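First comes the structure, then the notes that go with it.
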Amino acid sequence: YQCVRIFYNAENFAPDFNLCDYAIGFDEITFGDRYIRYPLYLISDYTYYANDNYEQDFILATQKHLEPQSVLENKEGFCSMVVSRGDCEERETFFNLLNQYKTVASGGRWKNNVGRPVADKFEFCKKYKFSIAFENSSTPGYTTEKLMQAFGAGTVPIYFGNPHISEEFNTRSFVNVHDYQSFNEVIEAIKKIDEDDNLYLAMISEPAFVEGSVEEKRLELEKFILNIFNQDPKKAIRRHGQLIAKYEKKYKV
């Protein structure tokens with residue numbers, strides 16, 4: 001398979017540049033013109049749940065601060081979570097702690113307490129004031145759809161994952177777990193927001209994204225792709241040499 005190889009993965013895996021020529025990923029690395037960081041939430045036609053619509057979620061997230069009062073008036077419950085896998089120790093610990101304050105409605109397959117997995121994540125989450133938006137792991141640069149979808153549903157997200165999240169998302173609009181020393185401190189902050197409509201409305205009134213961050217990334221991706229395909233096909237292949245061929249054979253599935 002000797003054509004140009006472009007690595008992409010929606011999970012938290014670093015690319016192996018001995019096996020690919022170019023890569024699109026989460027990692028905050030620089031490798032000439034061979035790599036670009038492009039988070040999952042910007043992939044507009046990617047879906048996981050049956051009713052996912054990332055482009056719609058993105059548009060709603062950009063507009064969520066425009067009518068804050070109506071958002072609050074339509075809330076029926078405290079906090080929601082929709083998770084399919086129980087493979088994040090921090091998320092489980094936090095879920096259990098927050099449940100001691102008020103019940104967190106869990107609509108996914110993991111920790112489900114609403115009878116069955118919900119058919120529509122968006123419709124489920126928008127009824128609640130807060131959303132637990134924990135990534136499956138915490139790594140610099142690793143930002144998936146979770147925070148964006150929580151914003152799109154008109155909630156105040158409780159986020160854990162990328163410790164550099166403030167470079168992309170406005171931390172005045174959500175509870176950033178990385179800003180606190182412990183989960184207990186996080187929960188105390190949530191209690192204050194939950195008990196004070198003015199504090200809640202202030203957060204809902206804040207835009208979700210750092211100004212200009214999304215537009216810059218989309219332009220960078222276009223340049224990255226064009227650079228690959230505007231080259232002579234043979235010159236665009238960057239992996240080379242007999243040692244690389246042996247390495248590739250070793251890891252071939």
Side-chain angles (χ1 to χ4, degrees), residues 41 48-49 51-52 57 60-61 64-65 67-136 138 143-162 165 169-180 182-206 208:
Y41 68 85
Y48 185 83
Y49 288 90
N51 293 308
D52 274 353
D57 292 333
L60 290 172
K64 66 94 183 171
H65 59 291
E67 297 182 10
Q69 188 64 50
S70 64
V71 170
L72 179 59
E73 290 171 353
N74 291 323
K75 297 304 180 186
E76 301 174 11
F78 167 58
C79 184
S80 68
M81 180 181 74
V82 179
V83 174
S84 60
R85 306 196 314 264
D87 53 2
C88 176
E89 181 180 347
E90 292 87 354
R91 181 166 51 209
E92 181 169 8
T93 299
F94 184 81
F95 173 81
N96 291 335
L97 287 171
L98 191 58
N99 258 312
Q100 295 175 20
Y101 167 60
K102 285 185 179 180
T103 300
V104 177
S106 180
R109 292 192 296 273
W110 182 71
K111 294 282 187 180
N112 187 280
N113 59 11
V114 297
R116 66 185 65 179
V118 296
D120 192 318
K121 180 180 179 181
F122 172 79
E123 290 297 326
F124 174 73
C125 290
K126 75 177 186 179
K127 296 183 293 184
Y128 297 89
K129 292 174 69 177
F130 298 87
S131 292
I132 293 180
F134 275 41
E135 307 287 8
N136 294 329
S138 178
T143 311
T144 68
E145 80 289 355
K146 293 178 176 62
L147 185 54
M148 180 190 69
Q149 287 186 326
F151 278 128
T155 73
V156 168
I158 305 163
Y159 180 80
F160 170 85
N162 177 8
I165 195 65
F169 288 87
N170 174 15
T171 53
R172 295 188 299 275
S173 63
F174 66 99
V175 178
N176 184 12
V177 174
H178 299 280
D179 286 341
Y180 298 86
S182 68
F183 283 166
N184 287 328
E185 286 188 14
V186 177
I187 291 171
E188 288 303 312
I190 293 168
K191 288 180 181 179
K192 290 180 181 179
I193 300 165
D194 183 41
E195 294 167 356
D196 188 332
D197 285 351
N198 290 326
L199 278 178
Y200 187 83
L201 286 170
M203 297 190 79
I204 290 291
S205 300
E206 288 282 345

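Bear in mind that the values here come from a model prediction, so they are computed numbers and not experimental data.
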Fill in: Separation of K191 NZ from I187 CD1 (nearest 0.5 Å)
7.5 Å
Response to the item:
The side chain to side chain contact (heavy atoms under 4.5 Å, CB included) partner of Y159 among T171, D179, I132, I165 is I165
Worksheet item: Taking S70 for the side chain and E67 for the main chain, is one N or O donor matched with an acceptor at less than 3.5 Å?
Response: yes
Discussion item. If I take atom CZ from residue F130 and atom NZ from residue K102, how far apart are they, to the nearest 0.5 angstrom?
Written reply: 8.5 Å
Discussion item. If you apply the rule side-chain contact (heavy atoms from CB on, under 4.5 Å), what do you find for M203 with S173, and how did you get there?
Written reply: CA-CA 5 Å; M203 297 190 79; S173 63; 5.7 Å; no
Worksheet entry | Electrostatic pair R91:E135 at N-O distance under 4.0 angstrom | no
Discussion item. If the condition is ring-ring contact (aromatic ring centres under 6.0 Å, His included), which residues does Y128 pass it with, not counting sequence neighbours?
Written reply: F124
Discussion item. Using side-chain contact (heavy atoms from CB on, under 4.5 Å), reason through K111 and V83 one step at a time and then give a plain yes or no.
Written reply: CA-CA 8 Å; K111 294 282 187 180; V83 174; over 6 Å; no
Worksheet item: Given side chains that start at C-beta, do those of K146 and F134 come closer than 4.5 Å, heavy atoms only?
Response: no
Worksheet entry | Distance (rounded to the nearest 0.5 Å) between F94 CZ and M81 CE | 10.5 Å
Worksheet item: Are F78 and Y101 close enough that their ring centers fall under 6.0 Å?
Response: yes
Practice prompt. Measure from the side-chain N and O atoms of S106 to the backbone N and O of W110, and report whether any donor-acceptor pair falls under 3.5 Å.
Written response: yes
Worksheet item: Counting distance only, does the side-chain N/O of D57 pair as donor-acceptor with the main-chain N or O of L60 below 3.5 Å?
Response: no
Discussion item. Quick check against the 3.5 Å criterion: does T103 have a side-chain atom that pairs as donor or acceptor with the backbone of N99?
Written reply: no
Item to complete: To the nearest 0.5 angstrom, please state how far the CG atom of L199 sits from the CG atom of D194.
Response: 10.5 Å
Worksheet item: Are the side chain of S131 and the backbone N or O of P157 linked by a donor-acceptor pair below 3.5 Å?
Response: no
Worksheet entry | Minimal non-hydrogen separation, A105 against V114, with atom names | CB-CG1, 4.1 Å
Worksheet item: salt bridge (Lys or Arg N to Asp or Glu O under 4.0 Å) with E185: which residues, sequence neighbours excluded?
Response: none
Response to the item:
Residue pairs passing the salt bridge (Lys or Arg N to Asp or Glu O under 4.0 Å) test with at least one member in residues 196-206, sequence neighbours excluded, are R172-E206
Worksheet item: Atom NE2 in H178, atom OG in S138: separation rounded to 0.5 Å?
Response: 4.5 Å
Discussion item. Would you say the rings of Y41 and F151 are close, in the sense that their centroids are separated by under 6.0 Å?
Written reply: no
Worksheet entry | Salt bridge flag under 4.0 Å for residues K192 and E195 | no
Worksheet item: Looking only at atom types and distance, does a side-chain atom of K64 sit under 3.5 Å from a main-chain N or O of I204, one as donor and one as acceptor?
Response: yes
Response to the item:
To the nearest 0.5 Å, atom CD1 of I158 lies from atom CG of L147 at 11.5 Å
